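For reference, the structure is listed below as structure tokens.
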Amino acid sequence: MIFNPQMSVRQFGSHFGPNDWSVKWPADEIYEYGLVPVPGIILDFHQGHDPLSDSLDTQKRFAADIRPFLAQCKWIDQPQIAIVEWQSSAVLGGLPRQVLARELTSTTGNGPLTGPTSLDRKRFIERFGRDVYRFSAPDFHRLEHNYLRDSDCDRDHELSESSLNLLVDAYLREYHEASQQLFPQALLDQIVAASELILRAWTRRIESSSRSADSWLSISIRQQFDSQCASFLGAGSVCTHDPESGGRGPRILSAFNASLMEIRAGVTVSSSTTTLSDEYNSGIEKICELISQVTLEVRQADCAVLDDGVRVDNISIPLLSPSAMIQIIVDRSCVSKSAFRGLIGRVSGADVAAQLSPKLSERCDRELVHLGTGFPAAQGAAVGVLCCDPDNANALVAKGYPVIFCANTPGPEQMTAVFLASGLLFGTGGATSHVAVIARGAGLPCILGIAGLIVDTAGHYASFGTEIIREGEWIAMDGNTGSVYRGKGELEPPPDSASMSTRQLLKECDKLARIHVYANADTASEAGAAYGLGAQGIGLCRIEHMLLRPERLSLLQRILVALFACQDLTDLRYTARRRVSQYQKSEGASELLQEAELKCLESRAYQTYIADLRCLEEFLTDDIRGLIDVSAGRNVVIRLLDPPLSEFLNEAAIDLVSESLSLSSAVKTRLRAFVGERNPMLGLRGIRLCLRAPELTDAQLRGIFRAAASSAANLCPVNLDILVPFVSDPGELIALRSRANSIADEVLCDRGGEVRYRVGAMVETPRAAILSEEIARVADFLSFGTNDLTQFTWACSRDSSEGSVFSGGVYCDQEFEPFSIFDKSGVGRLIALAISSARRASPDITIGVCGEYGGDPRALEFFGQVGVNYVSCALSSIPVARLRAGQLSLEGDNFGD
Ligand code: PEP
Ligand code: MG
């Protein structure tokens, strides 16, 4: 009964030339493992040099020869069922991957116990008619509907045998009338019809596409077994590893009393597995042993158990859970580095991230009410009680509740709640909104732009469309998908084994990577968490974020208000000092300075400003020392203050501070105008603020260097970078650098040799990118701020343009989402040009990326290609970036060399 493939290969060899079509063993791999395949053949087609005539020729000859060939094959008169399956280099749209052929006549061969039941016949005709003859379903449905109605049944299996037989006859008549052909009842006719259909589709495809000499098609025809075959005892799938955990050892995946077709359709293990004897289970396990003697890779075998042994239908790479995939790669990497290299490309960033962070249980999606979906701005999941009023967050947390804070629009008044919350929900905003940046940095899940969300802070409730949630009610959020649910969902921590193997996998990636992965972290504890996730340094510590903590925000707000309120005084003092230093002998210079100093002394606002700056300096010294200490010699990049004013000051804060400083209403009005710049992301930010407010700059620099000196005094190695934001001109950096050097001299004194520090520029305005050659001459390093560079290159606010411009139908023919998908052709080109210009001036200059795209695996490939040395990203993106950096070093020759 066993098919003799060699005989048929010989027969085929005499019929067809090599450039035409050929036949091979059912599956070479099955023999390699010493296993016995189910009877079958594979027909291989290759496109010749003249696609049109070759393919037409092939088709004609195939039609003429396939029938006599198959008829001669010994196996063809044995089986009751066969499967016709195809694979091709071309996409053959609309064609089913497999077609089942089933003998419908009742007396063929010796094998069957019984013929197909009437129900089998009915369903088979429906499926074959649809798949191969494209016979429209409504025609059969109409007939079925009549029979069901007349028999008062809902489903076909409820019909009596005689009704089913009559229905089958009606189907065959209907088919004949519509197509003027008889429906093929014999297995051979069905196989030929299915093979011709596939070949026709492939021929049409290569005729309509441009010439491609290596187009191929492979049709596999294999016997299938089911309970109607006398020798059939069962079928099932077995895997060399556990597809859930990745552990080695055979695992039975599918029911062993199912047919092979059901196995391939994914019928999973059922209790009926136990109905097979141990003997058969061990026979199946033996298959895994044989495979494992030849390869250590993971394989799945689909088998039929017959009374004289096991036949293998197919060997494949099974679907593995992400943790299984990672475990298998880690295990393999211990034995073979090349296996690691071969497999690492199969792991996705999402797989890795999922192994390291808690997630919502699947039950949430099934059982909880779905409230809405927004942009998943920061990964992770949270379950907590809703909080709509920032003033209530503290009380809820004090009662021991995890809090999910929810608001219409992010704003400075909510910062207290943001830092107390376990998760954040907002009705507006997008990927690079400031609150998203903060949430990612703090490792908080955050969903922005939730459609239909309206928060009534005074009423203490939020409505998600028609669903109303009151403050204190439980909700659950999934920051990976952007979904929000009503109810107390469950959080599932990742299993320890999964996170351990993931960490190991990422260490292997680090060894290969040519691009370093740093973290955006603003506190020592965030930095510690970042190192725990494998960051190699801190690539961006934003000073303004250090001051966002509730107890410090008011200090920063006072400083900013005072800065504008005392502007006349500080200007006067600044000019007088310059005159004294430049023209000491000039008449009246020292008097002018004395007068300015006196005015400053008399101004309460100014005195408060100076006292607050001292306070700021103390904070910074402590915090930065903590960061440097936890970094233990790794690179730490501290960025000078860059507060987008709208994020830090609002009317209420201005009023409050103005009152406490007794500012006149005229000053207050001027202040509002100053702070209320039309687009607050532009204008007085970064280095411009530093130059405008030298006292503020000095306080920061002093804080930074005092921290460095103190760490060095405690024998902690210091590797410090000062990053200057918003640079647009080399002159700005020169001024800042000279300030930094003189304060370093003053603060470090004799510790100068122990504190290595560099001064670098952020490239986040188009002008800085264009002048990067000149800037590189005066900078020790450059770091691209892709958040701002994207908004300025596109002239679109990173906070609010996403909805109105990019999904508002402005760009009809092309889809742009520059704040979600890195814009290689615009922003990318600017970065590439800037890097090559910078390296002209300073070939070894270190170049980093610290905007949100630093952690985007899709953008990383580009950064590698243009010569970026490191990326700095939010905590949650570190594992993903490390994985991608490792993968990229193995992909293509043009990366990183
Ligand atoms: C940037 O602009 O990319 C950046 C990192 O700075 P921020 O997001 O703080 O403006
Ligand atoms: Mg920026």
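These figures come from a predicted structure and were not determined experimentally. First listed ligand is number 1; within each ligand, the first listed atom is number 1. Sequence positions, counted from 1, serve as the residue numbers for this chain.
- Taking every heavy atom of M762 and a limit of under 4.0 angstrom, the matching atoms of ligand 1 come to 4 (C), 5 (C), 6 (O).
- Counting all heavy atoms, side chain and backbone alike, F862 lies closest to A832 at CZ-CB, 4.4 Å.
- Taking every non-hydrogen atom of G785 and a distance limit under 4.0 Å, the qualifying atoms of ligand 1 come out as 1 (C), 2 (O), 3 (O).
- Taking a cut-off of under 4.0 Å to the non-hydrogen atoms of D788, the atoms of ligand 1 that pass are 1 (C), 2 (O), 3 (O), 10 (O).
- Near C850, meaning under 4.0 Å from one of its heavy atoms, ligand 1 places the atoms 5 (C).
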Checking R614 against E618 for the salt bridge (Lys or Arg N to Asp or Glu O under 4.0 Å) test, could you report, in this order, the C-alpha distance in whole Å, the side-chain angles of both residues, the deciding distance, and whether it holds? CA-CA 6 Å; R614 262 188 229 115; E618 291 304 320; over 6 Å; no
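- Dense packing is recorded around CZ of R839, with more than 12 heavy atoms of other residues, nucleotides or ligands lying under 6.0 Å away.
- Side-chain atoms of N869 and Y518 include no donor-acceptor pair closer than 3.5 Å.
- The two residues E764 and D788 make their nearest non-hydrogen contact at OE1-OD2, 3.0 Å.
- Minimum-distance N/O/S atom of E764 relative to the Mg ion (ligand 2): OE1.
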Side chain to side chain contact (heavy atoms under 4.5 Å, CB included) evaluation trace for T523 with H545: CA-CA 9 Å; T523 62; H545 284 193; over 6 Å; no
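- Side-chain N or O atoms of Q700 include one that pairs as donor or acceptor with a backbone N or O of L641 at under 3.5 Å.
- Ligand 1 lies out of reach of V437, whose nearest heavy atom is not under 4.0 Å from it.
- For the residue pair D478 / S483, no side-chain donor-acceptor distance below 3.5 Å is found, with atom types taken as modelled.
- Distances below 4.0 Å separate heavy atoms of L540 from the following atoms of ligand 1: 5 (C).
- Between E852 and ligand 1 there is no heavy-atom distance shorter than 4.0 Å.
- When heavy-atom distances to ligand 1 are checked against a 4.0 Å cut-off, Q791 has no atom that comes that close, whether in backbone or side chain.
- The minimum distance between the Mg ion (ligand 2) and any N, O or S atom of D788 involves atom OD2.
- At a cut-off of 2.8 Å, D642 is not counted among the residues with an N, O or S atom near the Mg ion (ligand 2).
- Backbone and side-chain nitrogen or oxygen atoms of R685 are examined, and one is located within less than 3.5 angstrom of a nitrogen or oxygen of ligand 1.
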